[in-house]
Amino acid sequence: MLGEGILSAPIGGRNTTVKATALRLTGPRPSVTSRGQSGTMLRAMDKKPSKPAGQKNTSSGASQMWGGRFAAGPAAIMQQINASIDVDKRLYKEDIQGSLAHAAMLVKQGILTQADGDAIADGLQRVRKEIDQGKFEFQVALEDIHMNVESRLKELIGDAAGRLHTARSRNDQVATDFRLWVRGAIDDMSVALQDLIHALLDRAEEHAATVMPGYTHLQPAQPVTFGHHLMAYVEMLGRDLGRLADCRKRLNECPLGAAALAGTPFPIDRHATAKALGFDRPTANSMDCVSSRDFALEYLAALSILGVHLSRLAEEIVIWMSDGFRFIGLSDAYTTGSSIMPQKRNPDAAELVRGKVGQVVGALTQLLIIVKGLPLSYGKDLQDDKAPTFAASDAMALSVAAMAGMVRDMTVNAERMRKATDGGFLTATDLADWLVRTLNMPFRHAHHVTGELVRLAESKGCRLQDLALADMQRVEPRIDDGLFSVLGVDQSVASRTSYGGTAPDNVRRAIKDARERFK
Ligand code: ARG
């Protein structure tokens, strides 16, 4: 029975002749950038369990929203597998924002009366306030955020609420909500990433000339500066920002009005709703946009790559903080103790950042597989697109913030870094280059001679620059005093002036350029 039936009010065709009037929304218009619970802060409502199944149903037990052709309600297990409200209530701001734009357009097109449009807009804003304030009772029986909002709207404004769903379906509605949410998440993530980049730039500037061993295979290779090393991450994160921006560009088309899958006979204006919601244009194919989630896949792919970059930096922090290195320290703010070993100070935040990427790559895999076997168009499988996306988004928001905190917190032990450059014959390449430049030796030959000198220094337990000239000349008689000028680590880094090299002046220039790029 549709006694309570929110869909029982006549919708449709005969109203299309109502004269179009400009919609005046009562109350503040939602900002197009507002989104659900972004970032990592969950509102109080997330902690409140939703009402159990069975409430708000028609007397037959069938759904008041779509149960007209059903004689009985769903099995408890059906309700359990079908309901998504515990996850998608996070879309409430986007859902209401989309509904406001849709209703305004319906009025403008003469599909809804001004009075109904005003009542709907007013009611939606009241619903939003209730949810904002944690006063809204989410109901599992109403399945998802769309029907929870609409049902409450009906309670607040009566039959006009039933006209809101004219010329749309939950399929285009959820596709729109989710795009808005991901777009907002990209914007938030971009701000957070910029902050991390600035933290790195500041530390890089401080240490533009701080020498340390540069590694390949985690074996000492050539001297670099700590600033140069940090700037490598600025480049990686800069590309991450670029990937997010690319994804945003492709994502920014509006599915609203595609309806279930085929479009609608109502004279809607999809360009108007797209514009009102800050989209560049409506999506071009109704079947595509209700069933595609590649915007979320791209977002998760970008987050996965970002996560891998953060994980590498986290790993370096763990290594640099380890006893063998002691290149950096982290304060009480970013370390933890052990419950059994009183002396311990552990880089847990870095380890957690290193680990979190697993969740993000998992989310990407999960959604890829949800989409992979899906025939056109919408399938309920797609409902499970949100949980992994939200979780991955939260994990990365937390990781980026924690990483920025650690980068700002770390104390850099420049002395230890310099001391570490004493080992590993880091300037062996400089020596070989000198042989090439000064003695016009072919590089392969110079490489061999240098190898012999390294062996000699190793057997004497000294650095290359501590070898006696006479000992060097026994290996290559043409070597003279001039060679010693290239064997120090400061000379070595200062000589690496090729574009993108580690010379402190280069590093300072790179930082300046990056400050321009990431303003
Ligand atoms: N909760 C659904 C989802 O997230 C909304 C769309 C439902 N559409 C449908 N045809 N049952 O995908």
Side-chain angles (χ1 to χ4, degrees), residues 6-7 35-37 50 53 56-57 62-70 73-75 78-99 102 127 131 136 138-153 164-183 185 251 254-264 283 286-297 299-300 363 366-393:
I6 194 151
L7 293 182
R35 50 190 291 268
Q37 299 142 265
S50 303
K56 278 286 173 179
N57 269 5
S63 169
Q64 59 167 324
M65 308 301 282
W66 46 250
R69 57 110 74 220
F70 287 76
M78 174 61 203
Q79 200 159 55
Q80 208 178 327
I81 196 173
N82 197 37
S84 57
I85 186 62
D86 282 339
V87 172
D88 63 26
K89 61 186 173 187
R90 199 164 162 174
L91 292 176
Y92 79 95
K93 280 190 180 155
E94 290 76 9
D95 193 68
I96 290 172
Q97 189 185 350
S99 289
H102 183 67
V127 173
I131 303 178
F136 190 96
F138 291 99
Q139 292 173 50
V140 172
L142 290 167
E143 289 181 30
D144 57 24
I145 186 61
H146 323 296
M147 301 208 293
N148 268 270
V149 169
E150 190 181 319
S151 169
R152 179 66 184 139
L153 186 65
L164 171 61
H165 214 52
T166 312
R168 77 171 183 191
S169 143
R170 277 187 293 158
N171 296 349
D172 58 335
Q173 190 179 357
V174 73
T176 304
D177 294 1
F178 197 30
R179 278 191 197 230
L180 285 172
W181 191 92
V182 172
R183 190 178 73 186
L251 162 157
C254 187
L256 200 58
L261 76 160
T264 171
T283 51
S286 60
M287 294 182 78
D288 167 46
C289 69
V290 296
S291 71
S292 292
R293 295 293 182 269
D294 49 277
F295 65 90
L297 287 171
Y299 171 58
L300 291 174
Q366 197 175 332
L367 187 53
L368 279 168
I369 290 169
I370 285 172
V371 175
K372 103 171 234 312
L374 200 68
L376 292 185
S377 60
Y378 179 85
K380 199 64 173 265
D381 329 30
L382 289 175
Q383 176 164 280
D384 282 336
D385 55 358
K386 289 163 218 75
T389 307
F390 292 163
S393 218

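The chain is numbered in sequence order, starting from 1. Both counts, for ligands and for their atoms, begin at 1 and track the order of listing. In what follows, every heavy atom counts, from backbone to side chain, and hydrogens, waters and symmetry copies are set aside.
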- Distance-minimising heavy-atom pair for Phe138 and Ile131: CZ-CG2, 3.8 Å
- Please answer whether the main-chain N or O of Asp144 pairs with a side-chain N or O of Asp88 as donor and acceptor at a distance below 3.5 Å. no
Could you tell me, for ligand 1, which of its N or O atoms are under 3.5 Å from any protein N or O, listing the pairs and their distances rounded to 0.1 Å?
{"from": "ligand 1", "atom 1": "1 (N)", "to": "Asp144", "atom 2": "OD2", "distance (Å)": "2.9"}
{"from": "ligand 1", "atom 1": "1 (N)", "to": "Gln383", "atom 2": "OE1", "distance (Å)": "2.7"}
{"from": "ligand 1", "atom 1": "4 (O)", "to": "Lys386", "atom 2": "NZ", "distance (Å)": "2.7"}
{"from": "ligand 1", "atom 1": "8 (N)", "to": "Asn171", "atom 2": "OD1", "distance (Å)": "2.8"}
{"from": "ligand 1", "atom 1": "10 (N)", "to": "Asn171", "atom 2": "OD1", "distance (Å)": "3.1"}
{"from": "ligand 1", "atom 1": "12 (O)", "to": "Tyr378", "atom 2": "OH", "distance (Å)": "2.4"}

- Basic-acidic side-chain contact under 4.0 Å: Arg170, Glu143: yes
- Could you check Asp385, Asp384, Asp288, Asp381 and say which one makes a salt bridge (Lys or Arg N to Asp or Glu O under 4.0 Å) with Arg293? Asp385
- Gap between atom CD1 of Ile369 and atom CG of Leu374 - 0.5 Å precision: 13.5 Å
- Message: Under a plain distance cut-off of 3.5 Å, with no hydrogens placed, do Asp95 and Gln173 share a side-chain donor-acceptor pair?
- Response: yes
